[in-house]
Amino acid sequence: MAKRRGFFWPSYEIYGGLSGFVTFGPLGAVLKRRIEDKFRDFFIRPLGILEIESSVIMPEKVFEASGHLDHFIESMVGCVKCRRKFRADHILQEFAGMRDTETEKLDLQELMNEIEKNNIQCPECGGDLGEPKQFMTMFSTAIGPYSDAIGYGRPEAAQGIFVEFKRLYEYARGKLPFGAVQIGHALRNEISPRQGPIRVRDFTIIDLDFFFDPEEPSWPFLKEVEDESLNLLLAENKLKGLNESVEATVRDALDKGYVKAEWQAYFMALSKRFMMKLGVPEEKQRFIEKLEWERAHYSVQGYDQEIHLDRWGWVEVSGHNYRTDYDLKQHMEFSDVDMTAFKEFEKPRKREKTTINPVMPKIGSTFKQEAPKIVKMLSSADPKEVEESFGKQGFYKWKSHKLLPDHVKITHETVEEEGKHYIPHVVEPSFGSDRLAYIALEYAYKTKNDRTLLSLPRELAPIQAGVFPLVTKDGLPEKAKEVHDRLANAGILVEYDESGSIGRRYARADEVGTPLGITIDYDTLEDDTVTIRDRDTWRQVRTEISRLPSLLRAYFHHEMDFKDLGKPVES
RNA sequence: GCGGCCGUAGUCUAGCCUGGUUAGGACCUCGGCUUCCCGAGCCGAUGACCCGGGUCCGAAUCCCGGCGGCCGCACCA
């Protein structure tokens, strides 16, 4: 259906196809765009969130800082005999009793050594395991003609926001909280994509990164959603093997500690409502908390929003991660650019301040070429800690170097502070708009009297109205074309169709989810009125052509119901 | 990546086992006729053997390889 009517299909079919890539057709592309617009209505506009657009290819440095280079990688080991593949780290955890924190640090050679040392065989057939290999799930490329300028296709749009934090913060005139969003393509080289449009290698991601002060995690907006109930499958229950979800209001979920950040709960509630707008009833939705090892490296708490589909079961449509200050901190460290926010105290505060100043002549003569490193270390070290260490041990140890009190000058002073710098925390709801389009389609798909009906929410429909002459003679087609042009000029997405019988044309329109059918009949020639037919009820009303543009506009903005569009027609 | 099943117009399919004329049908789509409100009817048209190699006088059909799909395993930030 999706293919025949032009919603989406597998890409590169003429060359045999390539799994993990889909093309959105004429109707699908519009549907997707409308869903993204709906997202803007729902999340962006009310909160004044900043929408930006950054590039898909990003330099290696970004992913070094973000941690993706280390984490978006899987070491796999294959069995020589049965050729099955396993995650090398999982094997070691299971058969050598190693912890994930230990296996994480091992390189390929070390993984191999550990496997040999522990004499691990293939868990399936008992055969020997081969050499571990790494599989990078980011797409890599060379930037320009220099092969050492490595770039990666972004696996998430969020990094494009974090690297621009400073400018965005300035644009927001230094006020928190604020959020930034990006709707754009992201690439992930999935090992084995399945499930058609649900799991692809090139997809549109919507990353909304919301920055807030961790000391002021509350916000009045929460009030709007605190009674919304959420269906939560908690990690603690998953660990116990329980698949029962709990029903809790946003307020309760926060009070009971199910959700750690208020803003996260707020976005979860909004996401639930958003799905309902796309046609998914609440009982087909749930949020499932990620276990520690299932979470992304940057996340301290993550919930996946899942939608139940008859075809694929529970499918993830959005991820809600509490990223804390992880990303900004990392980019600060790697770029040496300050990404803190500043907040003024209500009253200036007095504070004892301890500072360490390196005494350069001494440090230089003691540490020689190591001296610059020492100075750098001191600038980020905690002065109190250094002072205490001097007090207890008479020196401060950093790596293999011993720092003596002579090397530094410690001063104490009382300073008056107007405010302080801090690294904002981030809560991130993230959606895949391809999946949203698929879900809207599946939930709209119905059959009625053996006919297919795509009951899309009216504001999502790619074609808003069909214009049909009742029969193709006596000047009706000409009149219908006139009406079509008039509506098209009024900014309404209309389609003209005169092929086949009127019933057939209604059926075709129903199948692509066109909400309204406008029919030109013999009465039209008399009094310039037309009938409007409702896709879902097949009811008809009659109204004047001149009023159509404003009536339809109101109808699509939900300011008017179908019955208000004209006088009912007896059939 | 592995194993099982599978691959004929946009869709569903006949033919394959047992090689042999223009690969048949239905739906969809398009054109014409007809038609005063829900896939009606009649006439006509477009459109397919997944790709490559092999066997053979001859391959949709038999053999090998590849690609793709579905299911299971694995992966899923």
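In the text below, chain A, chain B and the rest are named by the order of the sequence lines, each starting its count at 1. Note: hydrogens, waters and symmetry copies are ignored here, and every other heavy atom, side chains too, is used.
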>> Could you identify the nucleotide paired to B:C49, looking across every strand shown and requiring Watson-Crick or G-U wobble geometry with both distances under 3.5 Å?
In response: none
>> Checking contacts here: which listed nucleotide (B:G39, B:U34, B:C37) is nearest the side-chain heavy atoms of A:E511?
In response: B:G39
>> Suppose we define a pair by two distances each less than 3.5 Å, Watson-Crick or G-U wobble; what does B:C5 pair with here?
In response: B:G69
> With stacking defined as ring centroids separated by under 5.5 Å and planes differing by under 30°, is A:W538 stacked against B:C38?
Replying inline: yes
> Phosphate oxygens OP1/OP2 of B:A40: is one of them under 4.0 Å from a side-chain N or O of A:R504?
Replying inline: yes
>> Mind checking if A:K290 touches a base, just sugar-phosphate, or nothing, with heavy atoms under 4.0 Å?
In response: sugar-phosphate
>> Applying a 4.0 Å non-hydrogen cut-off, can you work out what A:F468 is touching in the nucleic acid: base, sugar-phosphate, or nothing?
In response: nothing
>> If you take the centroid of each ring, where Trp contributes its six-membered ring, are A:F43 and A:F431 closer together than 6.0 Å?
In response: yes
> In terms of side-chain heavy atoms of A:W312, which of B:C71, B:C37, B:C38 is nearest?
Replying inline: B:C71
> Using the benzene-type ring in the case of Trp, are the ring centres of A:F468 and A:Y506 under 6.0 Å apart?
Replying inline: yes
>> So, does A:R508 get its side chain near the phosphate of B:C38, meaning an N or O under 4.0 Å from OP1 or OP2?
In response: no
>> At 4.0 Å (heavy atoms only), tell me whether A:L470 reaches a base, stays on the sugar-phosphate, or touches nothing.
In response: base
> Under 6.0 Å between the ring centres of A:F211 and A:F165?
Replying inline: yes
>> So for A:Q540 and B:C37, does any side-chain atom that can act as donor or acceptor lie under 3.5 Å from a complementary atom in the base?
In response: yes
> Starting at OH of A:Y522 and ending at P of B:C37, how long is that distance when rounded to a whole Å?
Replying inline: 11 Å
>> Could you tell me the Watson-Crick or G-U partner of B:C33, where both distances fall under 3.5 Å? Say none if there is no partner.
In response: B:G41
> Taking the six-membered ring for Trp, are A:F210 and A:W263 parallel (under 30°), tilted (30 to 60°) or perpendicular (over 60°)?
Replying inline: tilted
> In terms of side-chain heavy atoms of A:S499, which of B:C38, B:C30, B:C36 is nearest?
Replying inline: B:C30
>> Whether the side chain of A:R154 engages the backbone of A:H185 through a donor-acceptor N/O pair (distance < 3.5 Å, no angle test) should be reported.
In response: yes
> Which part of the nucleic acid, if any, lies within contact of A:A296, taking any heavy atom under 4.0 Å across all strands shown: a base, the sugar-phosphate backbone alone, or nothing?
Replying inline: sugar-phosphate
>> Under 4.0 Å from OP1 or OP2 of B:C37: is there any side-chain N or O of A:R505 that close?
In response: no
> Rounding to a whole Å, what distance do you find between A:R533:CZ and B:C38:C1'?
Replying inline: 6 Å
>> Under a 3.5 Å cut-off for both contacts, is B:G58 paired Watson-Crick or G-U wobble with anything, and if yes, with which nucleotide?
In response: none
> Where the side chain of A:R199 is concerned, which of B:C76, B:U35, B:C37 is the nearest nucleotide?
Replying inline: B:C76
> Quick one: the side chain of A:R451 and the base of B:C38, do they pair up donor-acceptor inside 3.5 Å?
Replying inline: yes
>> Closest approach to the side chain of A:K473, judged atom by atom: which nucleotide of B:C37, B:C36, B:A40 is it?
In response: B:C36
> If you measure from OG1 on A:T137 to CZ on A:R188, what distance do you get to the nearest 0.5 Å?
Replying inline: 8.5 Å
> Considering Watson-Crick and G-U wobble pairs with both distances under 3.5 Å, what does B:A14 pair with?
Replying inline: none
>> Check the phosphate of B:U35 against A:S501, side-chain N and O only, distance under 4.0 Å to OP1 or OP2. Yes or no?
In response: no
